[in-house]
Amino acid sequence: MSLENHDLGKGKGVYISTYGCQMNVNDTERMYSLLEMLNYTPVNSADRADLIIINSCSVREKPVHKVHSEVGRYRTLKSKNPQLKIGVGGCVAQQEKKNLLKDVPLLDFVFGTDAIDQLPQIVNDLIQKEEKVVEAKFKHSEPYHVETLVRNPGVSTFVNITKGCDNFCTFCVVPFTRGRERSRPLNHLVSDINNLTKRGVKEVTLLGQNVNSYLSECGANFAKLLETLAKDTDIERIRFTTSHPKDFDEELVGVMQEWRSKIMDYIHLPVQSGNSEVLERMNRGYTREEYIQKAKMILDIMPGASLSTDIIVGFPGETEAQFQETLSLLEEVPYESIFSFKYSPRPFTKAARWEDPLSDEEKSGRLYRLQNRHKEIAFELAKKYENTVVQVLVEEFDADNERATGRSTQNKLTHFQSSKNLIGQTVSVQVTEAFPQTLRGVMVL
Ligand code: 5AD
Ligand code: SF4
């Protein structure tokens, strides 16, 4: 099928609803770009669409239920427009495969996480052949050679560098829904990012489930990738997420410090638990002490860098004493933000087979105590920014209120007054007020 001139989507609208992580947001962008090649027009409400895609997430609670209820909301649209096609992509699609078609009869197609680039073909088959389509096989042996597809990249955009995960943390469904880990070649990433800078992009966030196990076909590791992008491309700012503590080494921190003008001093370093026994059962590959050592090493080499983390409370068998060790970790590692979750069993995972005796109320209680303590700490930590000058890449401008917004190198959303539209410029801002997630200040020259 020649895609460029295809008019399968001429005069038709496509609507994609997105759940979950940044990886999914990026995949949605890719789906829109691919469907535009079929001449579909993106629309921002489902009732104007002829094609609806739910880009699903199964990392946490009730994912299949969410798909069910969203598709249910489209029942009347489908009866008004029998040509309307509804599909599910993303992790729930990968996990459930053809079962989804059985469970949700209104669905027309299901496509897995390795089938995104087949979407034009899938939609073509669906419409031409008038039959339901399921495409959810992993293509483990295929190299990961795709260029970034983004319609209006703006100032800051995301670039996938790896896909999949081989870590098999015992609570996590991702290795089953995203498949084995593969890395894009270093030279592809250099040309991809050069193309994006030509389109006005100033900042890229490199994306992967575990970016620091990146390994290019040419042998370059993640530290080498960062160094090459900093040296050999015109990109002004580089961010990345998510890092795995076990693969975060001194070589990498050294490159980050050396290129601090370009590589941002913010690191998301998911710990998951502060207790070594729980970490062992989670199969995380480090102890509490080793994690604390790593965080110290990072802050020693990169003073002033900002850290954030992910935490799971109520992992199967987690005792009150073990939870207390997660609480006390907050006193040891200065996290400026945390993302915390109640454990929930995920299909195929090891931990899902273990007893999970803690009640939902007890899990909620632990989550509440953790978040409350962190709130106090984050307020204290934020004060260090007051009266300092931060570098802000401006991403938004509100002309009516003469207000500019961007992010500091440490990833804090920063607002300041400006009569000029400075989108795309990096400016110095003196912080007058600092809160855990946002800074307010005045521009200085
Ligand atoms: N239950 C609760 N939280 C989970 N996460 C991943 N799997 C689960 C689960 N089964 C959290 C982890 C991970 C983040 C993306 O989601 O903290 O880092
Ligand atoms: Fe899941 Fe662990 Fe892989 Fe992260 S590193 S995606 S938590 S298996």
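As the structure lists them, so they are numbered: ligands from 1, and atoms in each ligand from 1.
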Check this for me, if you would: do [X] and [Y] make a salt bridge, where the nitrogen-to-carboxylate-oxygen distance has to be below 4.0 angstrom?
X: D117; Y: R30; value: yes
X: D249; Y: K294; value: no
X: D360; Y: K342; value: yes
X: K363; Y: D356; value: yes

Return the closest protein heavy atom for atom 2 (C) of ligand 1 as residue, atom name and distance.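 Looking only at protein heavy atoms, the one closest to atom 2 (C) of ligand 1 is K342 O, 3.3 Å.
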
Looking only at protein heavy atoms, which one is nearest to atom 2 (Fe) of ligand 2, and how far off is it? C169 SG, 2.3 Å

Side chain, backbone, both or neither: the part of [X] lying under 4.0 Å from ligand 2 by heavy atom:
X: P175; value: side chain
X: C165; value: side chain
X: F168; value: backbone

Within the 3.5 Å criterion, strictly below it, is a donor on E217 or H145 matched to an acceptor on the partner's side chain? yes

I need the atoms of ligand 1 closer than 4.0 Å to a non-hydrogen atom of Q272, numbered in the order shown.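 Heavy-atom distances to Q272 below 4.0 Å select 12 (C), 13 (C), 17 (O), 18 (O).
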
If you count the atoms of ligand 1 from 1 in the order shown, which ones are under 4.0 Å from a heavy atom of S344? 1 (N), 2 (C), 9 (C), 10 (N)

Would R178 count as a contact of ligand 2 if the rule is a heavy atom under 4.0 Å away? no

Taking 4.0 angstrom as the limit and counting only heavy atoms of C172, give me the atoms of ligand 2 inside it, by number and element. 1 (Fe), 6 (S), 7 (S), 8 (S)

Numbered atoms of ligand 2 (with element) below 4.0 Å of V174, judged on heavy atoms: 6 (S)

Crowding at CZ, R373 (>12 non-hydrogen neighbours, <6.0 Å):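 Yes - once you tally the heavy atoms of other residues, nucleotides and ligands closer than 6.0 Å, there are more than 12.
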
